[in-house]
Amino acid sequence: MTSSPPSFGSAGEHRLQQQLGTSERAARFYDQQVRPCLTSEMREFIGRQSMVFLATSDSRGECDASFRAGPPGFVHVIDDHTLAYPEFRGNGVLASAGNMTENPHLGMLFVDFTHHHVGLHVNGVARLYTDAGLRSLHTGLPSCAAPGRAPEMWVQMSVEEAYIHCSKYIPHLEPAPRPGSHGAARPKDAAYFTGLEPAPGAHRR
């Protein structure tokens with residue numbers, strides 16, 4: 001009698017687990033920590049977070065990592081299986097959203113660097129909506145996801161798996177005020193690495 005395949009994880013990670021002798025340890029992780037939906041603790045954690053790291057790839061598997069930030073709870077928990085966050089006007093590249101139109105798989109990593117020093121991985125399938133389109137489906141979306149800014153679109157994720165990131169090596173960071181006109185000089189984003197003058201909205205979204 002053969003055992004059933006693990007319900008979480010890719011074929012590649014399962015092959016490496018067998019090669020390196022970690023299959024039993026990985027099976028305990030899948031069983032004890034990976035969930036097919038958001039627990040109440042996960043929902044509360046997301047509601048406190050002001051930033052998230054995104055992982056996307058296009059149809060050829062070429063990857064892109066990005067970052068989003070906003071007021072706590074800007075990533076809105078619709079229900080145990082559904083998240084949504086707003087996309088605002090940027091430089092017009094739309095790298096992350098563009099990838100999602102080719103390959104809807106989306107990885108999100110929330111990290112609390114200042115209080116509980118824990119992370120949360122949420123993986124699933126994304127779909128893009130206009131602001132009016134998603135509000136017609138979910139009337140509880142926050143009206144001020146970022147004060148003074150209107151979303152160009154929303155990304156809705158159907159959650160497939162969620163699990164905690166080990167806190168052991170998460171550094172502690174102290175919140176600090178943003179540099180202002182009276183503080184230390186802050187280089188423009190593009191000039192910081194390239195010496196070039198930045199285009200408007202110069203972060204690649």
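Every value quoted in this text rests on a predicted model; they were computed, and no experiment measured them.
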Quiz item: Residues in ring pair (Phe, Tyr, Trp, His ring centres under 6.0 Å) with His81, at least two apart?
Solution: none

Does any part of the side chain of [Y], heavy atoms only, come nearer than 4.5 Å to the side chain of [X], both counted from C-beta?
X      : Y      : result
His165 : Val111 : no
Leu134 : Leu141 : yes
Leu106 : Val125 : no
Asp112 : Phe45  : yes
Phe113 : Met51  : yes
Trp154 : Arg135 : yes
Leu120 : Met42  : yes
Tyr129 : Val155 : no

Quiz item: Restricting to pairs with a member in residues 42-51, which pass side chain to side chain donor-acceptor pair (under 3.5 Å), not counting sequence neighbours?
Solution: Arg43-Asp80

Exercise. Tell me whether Phe67 is reachable from Leu173 by hopping between hydrophobic residues (I, L, V, M, F, W, Y) whose side-chain heavy atoms are closer than 4.5 Å.
Key: yes

Quiz item: How about Phe29 and Tyr163: are their ring centroids closer than 6.0 Å?
Solution: yes

Practice problem: Go through Ser96 and Asn99 one step at a time and tell me if the side chain to side chain donor-acceptor pair (under 3.5 Å) criterion holds. | Solution: CA-CA 5 Å; Ser96 299; Asn99 281 347; 6.0 Å; no

Exercise. Quick one: do Asp131 and Met153 satisfy side-chain contact (heavy atoms from CB on, under 4.5 Å)? Show the steps, please.
Key: CA-CA 5 Å; Asp131 185 57; Met153 69 180 78; over 6 Å; no

Quiz item: Between Tyr30 and His14, how do the two ring planes meet: parallel, tilted or perpendicular, split at 30° and 60°?
Solution: perpendicular

Quiz item: If we ignore angles and hydrogens, is there a donor and acceptor under 3.5 Å between the side chains of Asn103 and Ser57?
Solution: yes

Self-check item: Asp79 backbone acceptor or donor facing Thr82 side chain under 3.5 Å
Solution: no

Quiz item: Do His117 side-chain atoms and His115 backbone N/O form a donor-acceptor pair below 3.5 Å?
Solution: yes

Self-check item: CA sep, side-chain torsions, deciding dist, call: Asn123, Glu161, side chain to side chain donor-acceptor pair (under 3.5 Å)
Solution: CA-CA 5 Å; Asn123 299 323; Glu161 62 179 21; 2.9 Å; yes

Quiz prompt | Derivation of the side chain to side chain donor-acceptor pair (under 3.5 Å) call for Gln17 and Ser23 | solution = CA-CA 5 Å; Gln17 291 160 12; Ser23 295; 4.6 Å; no

Quiz item: Closest approach of Ala84 and Ile78, non-hydrogen atoms and distance?
Solution: CB-CD1, 3.9 Å

Exercise. Over all heavy atoms of both residues, which pair between Met157 and Gly124 is shortest? Give the atoms and the distance, please.
Key: CE-N, 3.7 Å

Practice problem: Before giving the answer on side-chain contact (heavy atoms from CB on, under 4.5 Å), spell out for Val122 and Leu38 the whole-Å C-alpha distance, their side-chain angles and the decisive distance to 0.1 Å. | Solution: CA-CA 8 Å; Val122 185; Leu38 301 173; 4.2 Å; yes

Exercise. Find the distance between CE (Met100) and CG (Asp58) and round it off to the nearest 0.5 Å.
Key: 12.5 Å

Quiz item: To the nearest 0.5 Å, how far apart are NE2 in His105 and OG1 in Thr56?
Solution: 12.5 Å

Exercise. Report the C-alpha separation of Met108 and Tyr85 in whole Å, then their side-chain angles, then the decisive distance to 0.1 Å, and conclude whether the side-chain contact (heavy atoms from CB on, under 4.5 Å) test is met.
Key: CA-CA 11 Å; Met108 305 177 78; Tyr85 70 87; 3.9 Å; yes

Self-check item: salt bridge (Lys or Arg N to Asp or Glu O under 4.0 Å): pairs with one or both residues in residues 11-33, sequence neighbours excluded
Solution: none

Exercise. Assess whether salt bridge (charged side-chain N to carboxylate O under 4.0 Å, His left out) is satisfied between Arg68 and Glu87, documenting all intermediate values.
Key: CA-CA 9 Å; Arg68 297 290 183 274; Glu87 286 280 11; 3.1 Å; yes

Practice problem: Could you walk me through whether Leu109 and Val52 pass side-chain contact (heavy atoms from CB on, under 4.5 Å), step by step? | Solution: CA-CA 6 Å; Leu109 173 60; Val52 64; 5.6 Å; no

